[in-house]
Chemist: 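Starting off with a structure, shown below.
Along the sequence shown, the residues carry numbers beginning at 1.
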Amino acid sequence: MAAEGPIIEEDLLCPQCTGIYCFPVLLKCGHNICRVCLYKFWEWKGCRECPVCGSLSVPERPPINLALKIAADKYQVQRNSKNQEACALHNEKLKVFCRNDEEPICLICQISKQHKVHDCCPVEEAAQQKKTEITTMLETLKKKLRELNKTKEQWEETKTYIQIQARQTATAIKEEFEKLHQFLREEEAARLSALKNEEKTKFQVMSQKLENIKDQIETLSATVSFVQISLGEKDLPFLQDYKQTKKRLKCNIRQPECVRDILINSAKHLGLLKFGIWKKMVSIVQYVPVTLDPNTAQTNLQFSQDLTSVHFGKKQPLPDNPERCTSRVSVLGATGFTSGRHSWTVQMGRGKDWYIGVARESIKRKSTIFLNPTEGFWVVGLCNGDSMWAQTSPRTKLAMKQKPEKITVELDYDKGKVVFINAADMTTIHTFKDKFTEKIFPYFSPGFCDDGKNTSPLTICPLTINVDVK
């Protein structure tokens with residue numbers, strides 16, 4: 001419907017109920033019908049057809065004709081304003097506003113029994129007050145609208161990031177499996193090569209032995225033939241050749257040897273094949289007791305592909321999901337603990353400022369906080385590259401002959417202890433004692449190198465893997 005020009009009432013009448021449009025919807029055929037009227041008609045008719053022309057509508061919900069709705073609402077306001085300028089009971093101008101009933105009334109209504117004891121004021125005065133009231137309420141709605149729009153944008157970014165994150169994770173999975181596939185291909189090739197070499201060697205041995213026995217068979221066959229011919233001769237010639245015949249019969253033909261271990265050693269190649277490969281895979285497989293959760297990381301943090309190392313880097317456009325820590329440059333472990341004993345060792349790198357330890361699940365992740373047990377943190381850290389502190393309240397300076405290269409964090413949830421140990425000499429750096437009442441997560445915050453530009457990672461050290469048979 002055109003937005004300009006005078007509004008004609010005939011253009012605003014619903015063809016079904018003949019009243020002014022209320023939430024008009026636009027059908028595929030081009031006709032507009034009140035939404036309530038349309039759904040009642042469809043229910044009565046038993047099919048989705050246009051009440052005007054009978055054309056079948058698409059299965060989707062028909063859209064609201066926003067331009068027509070605005071025009072109809074505007075017309076209703078204009079018509080109502082004309083009809084409501086006079087009192088319906090006394091046909092007098094509405095000059096007074098009743099605060100009790102919150103409606104305009106005439107002077108006769110004001111002195112009537114219904115409004116006589118009510119608090120009334122002039123329409124102009126009431127209009128100013130109520131406009132101020134409505135304006136305040138409108139600002140609240142506008143604020144909520146801004147919040148909803150902001151949330152919508154964030155959710156759209158999150159929706160897009162989910163696809164990006166899925167693609168990145170899929171690529172990483174494929175790369176890891178390709179490493180395993182490559183290892184298996186190389187192991188398969190090596191084992192097939194060993195089998196081929198064994199086959200070649202043993203085949204050559206048997207070929208040589210066959211050649212030898214063939215020579216012996218040929219020699220013996222010639223002797224047998226010669227003797228048989230000799231036996232067929234007359235007595236005198238036989239006796240004349242007797243010595244020579246006897247000598248040939250004494251040829252040195254050895255018994256065929258017993259060839260041992262000449263078959264392919266299938267047991268060697270196939271026995272415990274899977275176990276042998278699995279045991280050998282220890283050389284390419286690592287196990288770390290803690291992996292990092294990038295969904296909790298501040299947007300400047302970057303990770304190794306296996307999520308065992310983190311360093312400060314270029315800011316990334318990441319969604320501000322509830323789990324993400326934005327108040328500090330930090331990240332949590334992927335797994336939390338609610339009982340038992342747990343430990344992990346961290347390679348500290350060359351950072352000048354870092355913090356490691358544990359934090360409870362309910363820490364404030366979006367607002368400024370102090371790293372102390374009151375706020376839900378049990379951590380130690382290095383400051384300015386020359387002093388270590390336990391983040392107690394107030395914080396405690398720790399004795400440090402030299403910066404530790406590796407620190408082991410031991411968490412005993414049930415006893416409420418967090419112990420930090422120098423992995424080089426197993427000396428205790430600091431011990432926190434508290435009572436844990438919720439899930440506890442490993443906490444990491446990396447820092448810069450000495451030059452203040454390059455970053456130095458915090459890396460979780462892998463454990464030694466042993467393959468034992470019991």
Side-chain angles (χ1 to χ4, degrees), residues 166-224 250-292 303-309 333-335 340-347 405-406 408 410 423-424 426 457 459-470:
R167 286 196 298 269
Q168 292 174 342
T169 304
T171 299
I173 290 173
K174 289 178 180 179
E175 290 178 0
E176 290 301 315
F177 268 96
E178 178 56 32
K179 292 176 184 177
L180 296 175
H181 293 159
Q182 182 63 28
F183 169 84
L184 291 175
R185 284 193 293 267
E186 291 175 356
E187 186 66 19
E188 178 186 11
R191 288 175 178 266
L192 289 175
S193 177
L195 174 61
K196 192 68 178 177
N197 290 335
E198 183 181 355
E199 176 194 9
K200 182 179 179 181
T201 300
K202 292 185 174 181
F203 184 83
Q204 289 175 346
V205 170
M206 286 309 299
S207 296
Q208 185 62 45
K209 291 185 179 297
L210 280 170
E211 287 297 323
N212 294 338
I213 202 169
K214 285 178 182 178
D215 291 342
Q216 291 179 346
I217 291 172
E218 186 176 342
T219 301
L220 192 56
S221 296
T223 302
V224 170
K250 292 181 178 180
C251 61
N252 186 19
I253 301 296
R254 292 174 296 175
Q255 277 293 112
E257 64 177 300
C258 181
V259 184
R260 297 183 180 277
D261 297 326
I262 196 63
L263 298 180
I264 296 297
N265 191 348
S266 300
K268 172 186 174 183
H269 296 288
L270 297 177
L272 299 177
L273 175 63
K274 294 178 182 177
F275 177 79
I277 294 174
W278 176 51
K279 190 171 182 179
K280 195 171 180 180
M281 287 183 72
V282 170
S283 62
I284 66 167
V285 175
Q286 288 188 339
Y287 173 78
V288 292
V290 171
T291 53
L292 305 171
F303 301 87
S304 60
Q305 184 167 287
D306 60 357
L307 302 178
T308 61
S309 181
T335 303
R341 299 180 64 182
H342 311 274
S343 68
W344 55 95
T345 301
V346 183
Q347 178 77 43
E405 295 182 358
K406 294 182 180 179
T408 298
E410 292 187 349
M426 300 306 294
T459 304
I460 304 166
C461 300
L463 300 181
T464 301
I465 302 176
N466 292 321
V467 180
D468 297 325
V469 179
K470 293 184 181 180

Chemist: What distance separates Leu292 CG from Asp306 CG, expressed to the nearest 0.5 Å?
Modeler: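 CG of Asp306 is found 9.0 Å from CG of Leu292.
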Chemist: Under 3.5 Å, side-chain donor or acceptor atoms of residues 260-270 against the rest of the protein: list the pairs with distances, not counting sequence neighbours.
Modeler:
residue: Asn265; atom: OD1; partner: Lys268; partner atom: N; Å: 3.1
residue: His269; atom: NE2; partner: Glu198; partner atom: OE1; Å: 2.5

Chemist: Can you name the residues that form a side-chain contact (heavy atoms from CB on, under 4.5 Å) with Lys279, not counting sequence neighbours?
Modeler: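 In terms of side-chain contact (heavy atoms from CB on, under 4.5 Å), with neighbours along the sequence ignored, Lys279 is linked to Phe275, Val467.
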Chemist: Quick one: side-chain contact (heavy atoms from CB on, under 4.5 Å) partners of Ser309, sequence neighbours excluded?
Modeler: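 Ser309: side-chain contact (heavy atoms from CB on, under 4.5 Å) contacts with Ser304, Pro457, Thr459.
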Chemist: Just wondering, do Val288 and Leu463 contact through their side chains at under 4.5 Å, heavy atoms?
Modeler: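 No. Closest side-chain heavy atoms not under 4.5 Å.
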Chemist: Step by step, would you call Lys406 with Val346 a side chain to side chain contact (heavy atoms under 4.5 Å, CB included)?
Modeler: CA-CA 5 Å; Lys406 294 182 180 179; Val346 183; over 6 Å; no
Chemist: Pairs under 3.5 angstrom only: tabulate donor-acceptor contacts from the side chains of residues 214-222 to other protein residues two or more places apart or in another chain.
Modeler:
residue: Thr219; atom: OG1; partner: Asp215; partner atom: O; Å: 3.0
residue: Ser221; atom: OG; partner: Ile217; partner atom: O; Å: 2.7

Chemist: Can you name the residues that form a side-chain contact (heavy atoms from CB on, under 4.5 Å) with Ala172, not counting sequence neighbours?
Modeler: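 In terms of side-chain contact (heavy atoms from CB on, under 4.5 Å), with neighbours along the sequence ignored, Ala172 is linked to Gln305.
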Chemist: Distance alone, cut at 3.5 Å: any donor-acceptor contact between the side chains of Thr345 and Thr408?
Modeler: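 Side chains of Thr345 and Thr408: pair found under 3.5 Å.
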Chemist: Is there side-chain contact between Leu180 and Met281, with at least one heavy-atom pair below 4.5 Å?
Modeler: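 SC-SC contact between Leu180 and Met281 confirmed.
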Chemist: Apply side-chain contact (heavy atoms from CB on, under 4.5 Å) to Phe203 and list each qualifying residue two or more places apart in sequence or on a separate chain.
Modeler: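 In terms of side-chain contact (heavy atoms from CB on, under 4.5 Å), with neighbours along the sequence ignored, Phe203 is linked to Ser207.
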Chemist: To the nearest 0.5 Å, what is the distance between NZ (Lys179) and CG (Leu184)?
Modeler: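 These two atoms lie 14.5 Å from each other.
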Chemist: Show every side chain to side chain donor-acceptor pair (under 3.5 Å) that has at least one partner inside residues 182-191, sequence neighbours left out.
Modeler: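 Output for this query lists Glu178-Arg185, Gln182-Arg185, Gln182-Glu186, Glu187-Arg191, Glu187-Lys280.
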Chemist: Could you check if a side-chain atom of Asn212 sits within less than 4.5 angstrom of a side-chain atom of Gln208, using non-hydrogen atoms only?
Modeler: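 Answer yes - side chains close enough.
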Chemist: Taking only residues at least two apart or on different chains, which pairs with a member in residues 281-292 satisfy side chain to side chain donor-acceptor pair (under 3.5 Å)?
Modeler: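 Non-adjacent pairs meeting side chain to side chain donor-acceptor pair (under 3.5 Å): zero.
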Chemist: Within the 4.5 Å heavy-atom criterion, are His342 and Pro289 side-chain neighbours or not?
Modeler: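 Side chain of His342 against side chain of Pro289, heavy atoms only: no contact under 4.5 Å found.
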Chemist: Are more than 12 heavy atoms, taken from residues, nucleotides or ligands other than Leu192, located less than 6.0 Å from that residue's CG atom?
Modeler: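 Correct, the count exceeds 12.
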Chemist: Excluding sequence neighbours, so at least two apart, what forms salt bridge (charged side-chain N to carboxylate O under 4.0 Å, His left out) with Lys174?
Modeler: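 Once residues adjacent in sequence are excluded, Lys174 has no partner under the salt bridge (charged side-chain N to carboxylate O under 4.0 Å, His left out) criterion.
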